[in-house]
Amino acid sequence: MANVEKGETQELIIEGRKTFFISPDPSLLPETYLEDYMARGYETYIIGDDRYCPLKAKVEVIIETFTDSILFFYVDSQVKGVKWEKYIKELQQKYMGRILIGVLYLKRQNEEEKKNLEKYYLFDVGIQCGCIALEYQKNKNFALIDKVMFANQACGRRKNIRAICDTRSRVSFITKRGQVKGSVLDVSMSHFSCIFDKTLDIKLYEKVEKMLLNLNGLHFATDAILVMQRPKNGVTLNVFVFSNSMGQQGVESDIQPRLLERIYQLTSDKAKSLMRYKFDEARKDLRRYMTDDELWDAGFRDYESDD
């Protein structure tokens, strides 16, 4: 599975509640919102329609892979092979209790049309995450969706989103016995975990000053407090909480936006890589078992060979 982590790392990518916006209008919900939502504790993704893998197949992959998910469908988009009223009703019946569904739509000028749309999805279909009327001005939609995600506990059980680091992520600091070096395993806006090349000569809840971190190319210095140690695969896992000059949890204010950007990049890159792999596998399965007419009806618009 090229470029996709296996085993424990893949489990870490999958864990935690995720919110997917299905086929939204980018002029109403741009991808730039997603990093800002992460700053508020929401892990969000946009899933679009394309010529290689039908949207319905992508949704099935998401439901089977990310089992704690909220899916918001933009029902004003035109997608080949999808009739939203029927499709969302089928999903609600098939996966009731397994996923949460919400609906996005462009604000209606006709009040009767709005009432009928909301009545159908909320009462006839029984979706749980509401119907959100998006405004024509996209800057208003950020707060609208934010409120809906908060109401539906889109953060899940996580207070902060952890990004899984790769082998380029390192940590070092100086003690009385010399320099200590280690590898950073994961990082959030509040904590990071690491393993060291040698036994750590500091006590639990001791503050370490001027730790130098390299998080996939992001370099910065920070104070941190050792808050937990536990054995992991024959080594000791060390968990530190960031501590700033104000004596508060977290990094310095000038570092925060850069750290958030790197956490978003690490998290989304790994999840998107996993999704791309699974979408490709779903595409191959469909091509293997469906006729050309069935593929067209399902939303396929690409008939080039996979070989």
Side-chain angles (χ1 to χ4, degrees), residues 17-50 53-63 66-156 297-299 301:
R17 176 164 288 181
K18 295 170 175 54
T19 299
F20 296 89
F21 301 107
I22 310 299
S23 193
D25 183 337
S27 69
L28 302 177
L29 199 166
E31 192 165 0
T32 53
Y33 282 0
L34 304 187
E35 184 176 335
D36 293 326
Y37 283 139
M38 181 165 284
R40 301 177 68 82
Y42 308 121
E43 187 178 351
T44 58
Y45 299 93
I46 289 175
I47 304 298
D49 182 40
D50 58 53
C53 185
L55 191 69
K56 286 184 177 181
K58 290 182 177 181
V59 170
E60 293 292 331
V61 166
I62 288 167
I63 293 171
F66 304 101
T67 54
D68 185 10
S69 296
I70 300 175
L71 282 74
F72 284 99
F73 295 88
Y74 181 65
V75 297
D76 284 329
S77 64
Q78 301 295 316
V79 177
K80 175 68 178 178
V82 176
K83 294 182 178 180
W84 294 114
E85 294 89 346
K86 180 181 177 182
Y87 177 51
I88 292 174
K89 185 175 182 179
E90 290 173 350
L91 286 176
Q92 177 71 4
Q93 292 173 343
K94 182 178 180 181
Y95 295 108
M96 186 178 298
R98 288 184 55 186
I99 59 170
L100 297 172
I101 294 176
V103 162
L104 307 174
Y105 67 96
L106 184 59
K107 185 178 181 180
R108 301 293 195 257
Q109 300 301 321
N110 186 305
E111 188 66 23
E112 189 66 25
E113 185 181 353
K114 173 188 174 183
K115 289 180 179 178
N116 290 338
L117 185 150
E118 293 185 348
K119 175 184 177 299
Y120 175 75
Y121 286 111
L122 294 175
F123 297 101
D124 298 344
V125 177
I127 64 172
Q128 295 175 278
C129 293
C131 290
I132 303 97
L134 298 181
E135 298 283 349
Y136 292 92
Q137 294 178 311
K138 67 180 181 181
N139 59 325
K140 296 181 179 180
N141 293 328
F142 182 91
L144 281 172
I145 296 171
D146 179 71
K147 289 178 181 178
V148 172
M149 288 196 293
F150 178 80
N152 288 286
Q153 299 179 327
C155 289
D297 290 340
R301 300 186 297 282

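Note that the structure is predicted; figures quoted are calculated from it, not measured. What you see below is based on every heavy atom in this structure, not just the backbone, and it leaves out hydrogens, waters and symmetry mates.
Sorted by first and then second residue, the ring-ring contact (aromatic ring centres under 6.0 Å, His included) pairs with a member in residues 104-124 form an empty list; sequence neighbours excluded.
Distance check, rounded to the nearest 0.5 Å: CG of D124 to CD of E85 gives 11.5 Å. Going from atom CG of L144 over to atom CG of L134 covers 7.0 Å, rounded to the nearest 0.5 Å. The structure places CG of L71 at 10.0 Å from CZ of F21, a figure rounded to the nearest 0.5 Å. The structure places CZ of F73 at 5.0 Å from OH of Y87, a figure rounded to the nearest 0.5 Å. L117 CG to R108 CZ: the interatomic distance, rounded to the nearest 0.5 Å, is 5.5 Å. Atom NZ of K107 and atom CD of Q137 lie 9.5 Å apart (nearest 0.5 Å).
With a 4.5 Å cut-off on side-chain heavy atoms, W84 and V79 count as touching. Residues F142 and Y37 meet the side-chain proximity criterion, which asks for heavy atoms closer than 4.5 Å. Residues I63 and R98 meet the side-chain proximity criterion, which asks for heavy atoms closer than 4.5 Å. Considering only heavy atoms from C-beta on, L28 comes within 4.5 Å of L106 through its side chain.
The side chain to side chain contact (heavy atoms under 4.5 Å, CB included) test with T44 is passed by exactly one of L34, D36, I145, I70: L34.
The shortest non-hydrogen separation linking P24 to L29 is CB-CB, 4.3 Å. Nearest heavy-atom pair across R17 and Q153 is NH1-O, 3.0 Å. Pairing each heavy atom of I127 with each of I101, the nearest pair is CB-O, 3.4 Å. Here the shortest heavy-atom pairing between C131 and E118 reads CB-CG, 3.9 Å. Here the closest non-hydrogen pair linking Y33 and N141 is CE2-C, 4.4 Å. The two atoms that bring C155 and Y42 nearest to each other are SG-CE2, 3.3 Å, heavy atoms only.
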Problem set entry | Y45 vs I62, side-chain contact (heavy atoms from CB on, under 4.5 Å): CA-CA, chis, key distance, verdict | CA-CA 11 Å; Y45 299 93; I62 288 167; over 6 Å; no
Exercise. Going through the distances and angles, do D49 and V82 end up as a side-chain contact (heavy atoms from CB on, under 4.5 Å)?
Worked result: CA-CA 11 Å; D49 182 40; V82 176; over 6 Å; no
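The pair E60-K94 counts as a salt bridge, with a side-chain nitrogen and a carboxylate oxygen less than 4.0 angstrom apart. Salt-bridge annotation for K58 and D50: present, with a side-chain N of the basic residue lying under 4.0 Å from a carboxylate O of the acidic one.
Formation of a donor-acceptor pair under 3.5 Å by the K114 side chain with backbone atoms of A133 is not found in this model. With hydrogens and angles ignored, the 3.5 Å screen pairs a side-chain donor or acceptor of N110 with a backbone N or O of E112. In this structure, E31 contributes its side chain and I46 its backbone to no donor-acceptor pair below 3.5 Å.
Counting heavy atoms of neighbouring residues, nucleotides and ligands inside a 6.0 Å radius, atom CD of E135 exceeds 12 of them.
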